[in-house]
Amino acid sequence: MEKPVAAIEISTKQIKLVVGYVLEDQVFVLYTLCKPISGLVNNGKIIDPETLAKEIANIVDIYDGQAKLKIKIEEVLLVLPPCGLAIFQSQNMTNVVSDEIKVSSIDISNLYAIIKNGKLPVENVLIDIVPFTFLLDNNRIFSQPPIGETSRTVKVNARVHTLPPTVSDGYFATMRFAGLRMIHSMIAPFASSTLLDSYQETPSDYFLVDVGSNLTSVSLIGKKQLFSSRTFSFGGDNITKRIATEFAISENDAEHLKILYGIENREFNFKAPISTSESEDGTIIKHYPDELNVIIKSELDEFIRTLKSTIEELLEGYDSKYKKLPLIFIGGGSLLNGFVKYVEPKIDNDVVYSAIPKTLGARNPGLFNCLGAILVHDRYPVTVDDNQPKIGVVSRKVNNEE
């Protein structure tokens, strides 16, 4: 088995943890966990890093007696939201230091160091370096680090992903407070698009829309690379809160109705209420599926308007024909019954669908980013000592013995 790694994503309502490894360009999962949190993250920014770190510290020592699995996580892949994302092209070259004139990991490390030490065009923090070509003498081109190849120089063409420090600092501080070492940080839509790239049916150019509980990101993917991304405040919770208000019920009950029914277009021979509430004078008010449909569709209409304007913003300066690029939904919010069927005819894209991870044991579309992070780390390894364990200790109990 390949060395496992642990990926963490912190969303508005959950800490998502996936432990897995890559074999033949496929992600295999050992363990997944989604831990609810509340009031610690807002619009992609962490409000209370120390409290959040305590929540994370409680889940990194894993013991699953049923699965006979014991994991101690010390190092993580960290997934960050694309709030304020800016992407830059970088081209750098270094001389090969080996006396044999063969490219080594030191040369690749030197290239990464040049990029890391370079000045960014904006006051952002470098999050990730994504190399797409390496060039050696005699115009030889490689997509992966050309370790062992003979050359006097090595050049890299890379994309540099950056975020404002107002976003990134909270995540980095949280990891420090939790006592975890980051071995790779990356942008969420880059991670998820990398996983989608491993699926044969995924086009090379498309819009990726990640619908979370409170935040939606819209990303432009071109030639299987992340070009740009925007976020806006909308998610499944908008619908839940509206249902709770209109039906005068708790948010827990509203969430249950949303998940159970969604947009219900089936015709029934009888009209049965799906919820009841009590007015101020004690009158019992009955609520029916058609009322729920009106509420959900009203919220989705607002979502569609914002989605279309965000796509316009992403395509500023591009030909209007790109509005018709395929659109792929991911994220827990995309699971709403009737979601794609309602949205599809109201937007310009020729192909619209909701993607589900193909990884056994992790079919939740809310885990796309963590699964993708594991694949990113395999495809674009950072320059660390490959001999060290990536998550501490992983062991399985056999015959009830440690």
Side-chain angles (χ1 to χ4, degrees), residues 2-5 7 21-27 74-80 85-122 124-163 168 172 181-187 190-191 193-195 197-198 204 222-227 372-391:
E2 297 295 313
K3 291 178 181 178
V5 290
Y21 59 96
V22 175
L23 187 62
E24 296 181 354
D25 209 39
Q26 291 188 52
V27 180
E74 299 172 345
E75 302 174 329
V76 295
L77 315 177
L78 178 64
V79 180
L80 296 100
L85 172 67
I87 300 176
F88 304 99
Q89 296 281 102
S90 176
Q91 186 178 82
N92 289 278
M93 184 180 72
T94 187
N95 292 321
V96 172
V97 299
S98 165
D99 292 337
E100 294 81 15
I101 319 178
K102 291 184 180 294
V103 179
S104 68
S105 59
I106 295 175
D107 302 308
I108 306 302
S109 296
N110 288 340
L111 281 173
Y112 275 62
I114 293 171
I115 297 173
K116 290 176 181 177
N117 294 328
K119 183 172 176 58
L120 294 170
V122 294
N124 275 13
V125 175
L126 188 149
I127 302 299
D128 197 13
I129 299 169
V130 184
F132 54 92
T133 56
F134 292 90
L135 291 85
L136 302 185
D137 296 347
N138 301 319
N139 294 319
R140 288 174 292 155
I141 301 175
F142 297 81
S143 60
Q144 294 293 321
I147 305 297
E149 294 290 331
T150 300
S151 181
R152 293 185 178 277
T153 63
V154 56
K155 181 187 296 184
V156 64
N157 290 312
R159 290 183 178 86
V160 179
H161 295 173
T162 73
L163 289 178
S168 60
F172 295 156
R181 175 175 175 251
M182 289 185 302
I183 56 174
H184 201 156
S185 61
M186 65 197 73
I187 304 298
F190 175 62
S193 63
T194 300
L195 183 65
D197 177 37
S198 68
S204 60
K223 296 182 179 179
K224 301 186 177 183
Q225 291 290 331
L226 174 64
F227 269 70
I374 294 171
L375 186 57
V376 165
H377 187 64
D378 182 76
R379 286 191 181 182
Y380 307 96
V382 291
T383 49
V384 297
D385 182 1
D386 289 333
N387 293 318
Q388 64 185 3
K390 293 294 184 286
I391 62 171

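Sequential numbering from 1 along the given sequence is applied to the chain's residues.
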Point-to-point distance, once rounded to the nearest 0.5 Å, from CG of Leu78 to OG of Ser185:
6.5 Å
Any side-chain donor-acceptor pair under 3.5 Å between Asn157 and Thr133?
yes
For Pro145 and Phe134 the tightest heavy-atom approach is N-CE1, 3.5 Å
Can you confirm whether Val130 sits close enough to Ile87 that some side-chain heavy atom of one is under 4.5 Å from a side-chain heavy atom of the other?
no
Parallel under 30°, tilted from 30 to 60°, perpendicular over 60°: which one fits the rings of His184 and His377?
perpendicular
From Asp137 atom CG to Glu149 atom CD, the distance as rounded to the nearest 0.5 Å
11.0 Å
Does a side-chain heavy-atom distance below 4.5 Å link Met93 with Ile114?
no
Given side chains that start at C-beta, do those of Gln89 and Phe132 come closer than 4.5 Å, heavy atoms only?
yes
Can you tell if the side chain of Leu126 reaches within under 4.5 Å of the side chain of Ile115, non-hydrogen atoms only?
yes
Exercise: do Glu100 and Ser98 side chains pair donor with acceptor under 3.5 Å
yes
Applying side-chain contact (heavy atoms from CB on, under 4.5 Å) between Leu163 and each of Leu80, Val125, Asp128, report the one that passes.
Leu80
I want to check something: taking the side chain as every heavy atom from C-beta on, are Gln91 and Lys155 in contact at a cut-off of under 4.5 Å?
yes
Residues passing the side-chain contact (heavy atoms from CB on, under 4.5 Å) test with Ile101, sequence neighbours excluded, are Arg152
Quick check: do Asp197 and Ser204 have side-chain heavy atoms less than 4.5 Å from each other?
no
Can you measure from OG (Ser105) to OH (Tyr112) and round to the nearest 0.5 angstrom?
12.0 Å
With Thr162 as reference, evaluate Asn124, Ile187, Leu85 under the side-chain contact (heavy atoms from CB on, under 4.5 Å) test and give the passing residue.
Asn124
Which heavy atom of Pro131 sits nearest to which heavy atom of Tyr380, and what is that distance?
O-CE2, 3.4 Å
Could you tell me if the side chain of Ser168 sits less than 4.5 Å from the side chain of Ile127, heavy atoms only?
yes
Donor-acceptor pair, distance only, cut-off 3.5 Å: does the side chain of Asp378 make one with the backbone of Tyr21?
no
For Thr94 and Asn92, which I'm curious about, is there any donor-acceptor pair between the side chains at under 3.5 Å?
no
Could you tell me the separation between the CD1 atom of Ile183 and the CG atom of Leu77, rounded to the nearest 0.5 Å?
5.0 Å
Look up atom OG1 in Thr194 and atom CE in Met186, then write down how far apart they are to the nearest 0.5 Å.
8.5 Å
From His161 atom NE2 to Ile129 atom CD1, the distance as rounded to the nearest 0.5 Å
10.5 Å
Check: Glu75 and Met182 side chains under 4.5 Å, non-hydrogen atoms:
no
How close do Ala191 and Ala373 get, counting heavy atoms only, and between which atoms?
CB-N, 3.6 Å
